[in-house]
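Structure, as structure tokens:
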Amino acid sequence: MKFTAVVSAGLAAALSCRCYAFSPVARINSIAPSRLSSPSSLSAEDGNDAASSSALLDPPKSEAVAAGYSSAADAGKSLTQRIMERTSSSAQAGGAGGASTWDAFQRAESNWSRLKSSRAFDYDATRIDNPGVPPPQLFVTDDGAAGNPKCWARLRSSSESKSDLDYDVTICGGTLGIFIAMALQLKGVRVAVVEAGKLMGREQEWNISLKELEELVEMGVLTNEDLEEAITTEFPGCRAGFKNSEVTPLEGSYFDNEIGYECFTPGVLNLGISPSILIANVAKRFQAAGGTVLERSPLKGIVVSESMGAALDMGEDAEPITARLVLDCMGNASPVSRQQRHGLKPDGVCAVVGSCAGGYDKESNLIGDIIYTNTEIQDKGTNGQLQYFWEAFPVGIGRKGKEPGSSDVKTTYMFTYMDASEDRPSLTTLMDDYWEQLPIYQPSISDVERDLDVKRVLFAYFPTFTDSPLKPQWRRLLAVGDASGIQSPLSFGGFGALTRHLDRISSAIAEAVEHDLLHKSDLGAINAYTPNLSAAWMFQKAMSARVGKKVNPKFVNRLLATNFDVMNDMGPRTMMPFLQDVVRIDGLAGSLARSFVADPMFMPEIVAHVGIPTLADWLGHVAMIATYNALHNVAAPIITPFVDKMEDSRERFLWRRRMDAWKFGSGNDYVFEE
């Protein structure tokens with residue numbers, strides 16, 4: 001019976017920290033197959049559009065809005081199509097939250113459909129008799145007979161003349177890559193950022209906590225002036241609630257009211273920042289520090305030589321760019337990770353739909369929702385069962401003279417966890433459910449088409465893999481950020497996940513470059529196993545139901561309501577790390593006994609739902625969290641002085657990466673505020 005408390009406390013911990021509100025490069029997955037029925041055969045040019053048209057934050061309502069969207073031209077169109085065709089398509093940016101035209105939605109729907117219908121297979125590029133379908137085109141190669149000959153010629157020329165390569169590090173993907181670039185430039189590394197389009201952030205806010213931003217200020221990546229200019233919204237905090245039906249406000253525990261539980265946590269994801277302002281400021285200071293930004297430079301491929309370096313193929317009409325190390329910061333849709341994971345199908349998916357709109361009640365638009373349910377598990381028939389979660393953030397209050405209660409604009413998301421089974425619902429189905437249930441979630445509106453001035457429509461699906469973070473397959477090439485899968489499988493990833501790991505990753509990369517430790521085994525130590533990330537896989541399984549399996553409709557709400565009640569009673573030292581994507585053994589262990597006492601009869605249902613194999617795997621990762629915690633707190637302080645004095649730079653590097661893994665894998669990177 002002890003397992004009930006362990007699972008439920010851990011589940012609440014991981015699920016509650018999954019947000020960060022559509023960070024920009026957690027892009028729509030384009031791993032879906034084309035003609036070959038391979039899970040990874042889409043080309044880089046196929047549709048990767050994610051969410052959101054980038055209209056200005058507060059444009060006046062259009063005449064169509066005032067007229068209630070009634071037009072003969074709308075006959076036969078769905079609600080989603082009508083709304084999307086009337087939102088602005090100007091200033092589209094890349095990544096999730098960057099593009100939201102009706103055409104983009106249709107491409108995303110097509111990609112999702114192909115991904116669902118794909119069949120996974122084993123593929124080993126080193127085998128001649130490989131039974132799998134080869135990739136239609138190699139994006140990365142270390143074969144001197146493949147790739148663009150101009151790239152190999154540039155590398156040979158530099159090697160023969162003993163001249164320096166163009167850069168120490170090139171970063172592919174600038175929206176989040178610019179922050180890594182700034183951190184490396186400050187450490188004396190020569191860096192270039194390569195961005196296919198214009199380096200710009202979308203208009204819609206990112207939501208994050210002040211504590212996380214201050215860590216970037218301490219690193220020098222941001223300045224206090226950057227924060228002051230970029231923070232456009234501030235509110236007290238966020239609500240978490242898990243209810244079988246919409247009752248607000250709700251008092252008492254799940255077993256007192258038989259509906260659910262809700263609580264308020266201050267200071268979590270309570271800042272809205274402007275990505276366009278933040279990225280522009282960081283890019284300007286990066287270039288002033290000697291960094292290079294190469295905009296509108298679409299990447300065609302990468303060639304890698306162990307002895308000579310790496311070269312970026314910029315096309316037939318452009319010169320290749322050479323570097324000692326290439327960082328892949330191209331998000332979930334990265335062609336590099338797509339090639340490396342060729343033949344694999346995602347182990348899980350977080351599907352998200354939503355909108356940013358005006359028209360809500362101003363006086364109640366004062367706090368956010370970090371995670372919220374107001375329905376039981378939905379039975380979608382042949383599409384299986386889905387638990388819908390909600391998230392919401394006010395927009396345009398608390399800063400720059402805009403008082404609370406003065407804005408009717410908010411961003412709302414509805415998301416769910418599932419596998420990529422062929423029977424899963426379409427994005428259209430999810431979007432239809434979002435529009436239908438939004439007035440229940442936000443009762444100040446009754447008709448979304450007539451009452452709301454929709455500025456952006458949001459949609460994405462985030463594939464997740466158990467083999468994360470992704471180990472490098474090639475020398476001189478390392479995936480970072482969402483491309484590596486470093487975010488929790490319960491998370492949207494993006495900016496929030498990056499801030500947690502930026503200091504660790506940039507320090508490790510700078511050391512690797514300094515000592516020429518660029519073999520894949522050395523770089524793989526940077527993307528090391530972290531047990532608290534791996535443990536989160538059980539949580540995603542608990543949040544979803546296999547197609548054909550019937551789950552008690554109250555299962556998720558009962559589990560999370562009970563555990564959030566327990567964690568809230570235990571106080572901020574338990575709740576705050578959980579809500580910011582950090583699972584720690586002390587919070588987990590401290591909540592087990594209370595969870596078990598609160599609901600001891602729930603154990604058989606939990607075990608039956610997740611399954612024995614998943615349970616056994618999860619318990620192994622939990623044991624490793626405890627082990628890493630002991631190693632960090634006991635062993636690391638003793639061995640650090642010896643590691644720092646090691647003469648062998650490689651051994652010193654590898655030991656430091658081990659200690660990094662102990663620290664981050666046990667959640668000891670979280671610093672409690674006094």
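What's counted below: heavy atoms across the whole structure, side chains too, no hydrogens, waters or symmetry copies.
- Note on ring orientation: taking the six-membered ring where Trp is involved, the planes of W112 and Y461 are tilted (angle from 30° to 60°).
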TODO: Under the side-chain contact (heavy atoms from CB on, under 4.5 Å) rule, what do F495 and T175 come out as? Steps first, then yes or no, please.
DONE: CA-CA 9 Å; F495 186 61; T175 309; over 6 Å; no
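- Within 6.0 Å of CD in E295 there are more than 12 heavy atoms belonging to other residues, nucleotides or ligands.
- A 4.5 Å side-chain heavy-atom check between E195 and V293 finds every atom pair outside the cut-off.
- Using modelled atom types and a 3.5 Å distance limit, the side chains of Q580 and K211 yield no donor-acceptor pair.
- In terms of heavy atoms, P572 sits closest to P577 at O-CD, 3.6 Å.
- Checked by atom type and distance alone, the side chain of T322 pairs as donor or acceptor with a backbone atom of D166 at under 3.5 Å.
- Judged purely by atom type and a 3.5 angstrom limit, S444 uses its side chain to pair as donor or acceptor with the backbone of D361.
- The minimum heavy-atom distance linking A283 with L199 is given by the pair CB-CD2, 4.0 Å.
- In terms of heavy-atom proximity, N270 sits nearest to S209 at OD1-CA, 4.2 Å.
- At distances below 3.5 Å, at least one donor-acceptor pair connects side-chain atoms of R285 with backbone N or O atoms of V221.
- Comment: D660 engages R657 in a salt bridge, judged by a side-chain N to carboxylate O separation of less than 4.0 angstrom.
- Residues I505 and L498 have side chains not in contact (no heavy-atom distance under 4.5 Å, counting atoms from C-beta outward).
- Using a distance-only test at 3.5 Å, with no hydrogens or angles considered, a donor-acceptor pair links the side chain of N365 to the main chain of S407.
- In terms of heavy atoms, S334 sits closest to D328 at OG-OD2, 2.6 Å.
- Remark: R500 fails to qualify as a cation-pi partner of F664 under the 6.0 Å distance and 45° angle criteria applied to the six-membered ring.
- S355 and Y434 share a side-chain donor-acceptor pair at under 3.5 Å.
- The pair D168-R190 counts as a salt bridge, with a side-chain nitrogen and a carboxylate oxygen less than 4.0 angstrom apart.
- Here the side chain of R504 pairs a donor or acceptor atom with the backbone of I526 at under 3.5 angstrom.
- Around the NZ atom of K400, the shell of radius 6.0 Å holds more than 12 heavy atoms that belong to other residues, nucleotides or ligands.
- Counting only heavy atoms from C-beta outward, the side chains of F462 and D482 never approach each other to under 4.5 Å.
- Evaluated for a side chain to side chain contact (heavy atoms under 4.5 Å, CB included) with E234, the options I273, L210, L271, I397 yield exactly one hit, L271.
- C329 and L176 make their closest contact through SG-C, 4.1 Å (heavy atoms, listed as atom of the first residue, atom of the second, distance).
- The pair D408-K362 fails the salt-bridge criterion, with no side-chain N (NZ, NE, NH1 or NH2) lying under 4.0 Å from an Asp/Glu carboxylate O.
- Ring-plane geometry between F415 and Y417 is classed as perpendicular, the angle between the planes exceeding 60 degrees on a 0 to 90 degree scale with a lower cut at 30.
- Side-chain contact check for S666 and N668: at least one donor-acceptor pair (N or O, by modelled atom type) lies under 3.5 Å.
- Of all heavy-atom pairs spanning K187 and S506, the tightest one is CE-OG, 3.4 Å.
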TODO: Determine, step by step, whether M314 and E319 satisfy the side-chain contact (heavy atoms from CB on, under 4.5 Å) criterion, reporting the C-alpha distance in whole Å, the side-chain angles of both residues, the deciding distance to 0.1 Å, and the verdict.
DONE: CA-CA 7 Å; M314 309 309 296; E319 282 298 307; over 6 Å; no
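- R324 places a side-chain N or O within donor-acceptor distance of the main-chain N or O of V513, the cut-off being under 3.5 Å.
- Tested against R399, the residues E205, E229, E228 include a single salt bridge (Lys or Arg N to Asp or Glu O under 4.0 Å) partner, E228.
- In terms of modelled atom types and a separation under 3.5 Å, the side chain of T232 and the main chain of G272 share a donor-acceptor contact.
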Open item on the list: What verdict does the side-chain contact (heavy atoms from CB on, under 4.5 Å) test give for Y441 and M414, after you've listed the backbone C-alpha separation in whole Å, the side-chain angles of each residue and the deciding distance to 0.1 Å?
Closed with: CA-CA 10 Å; Y441 174 49; M414 187 187 80; over 6 Å; no
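- Counting only distance, with no hydrogens or angles, the side chain of D369 and the backbone of I371 share no donor-acceptor pair below 3.5 Å.
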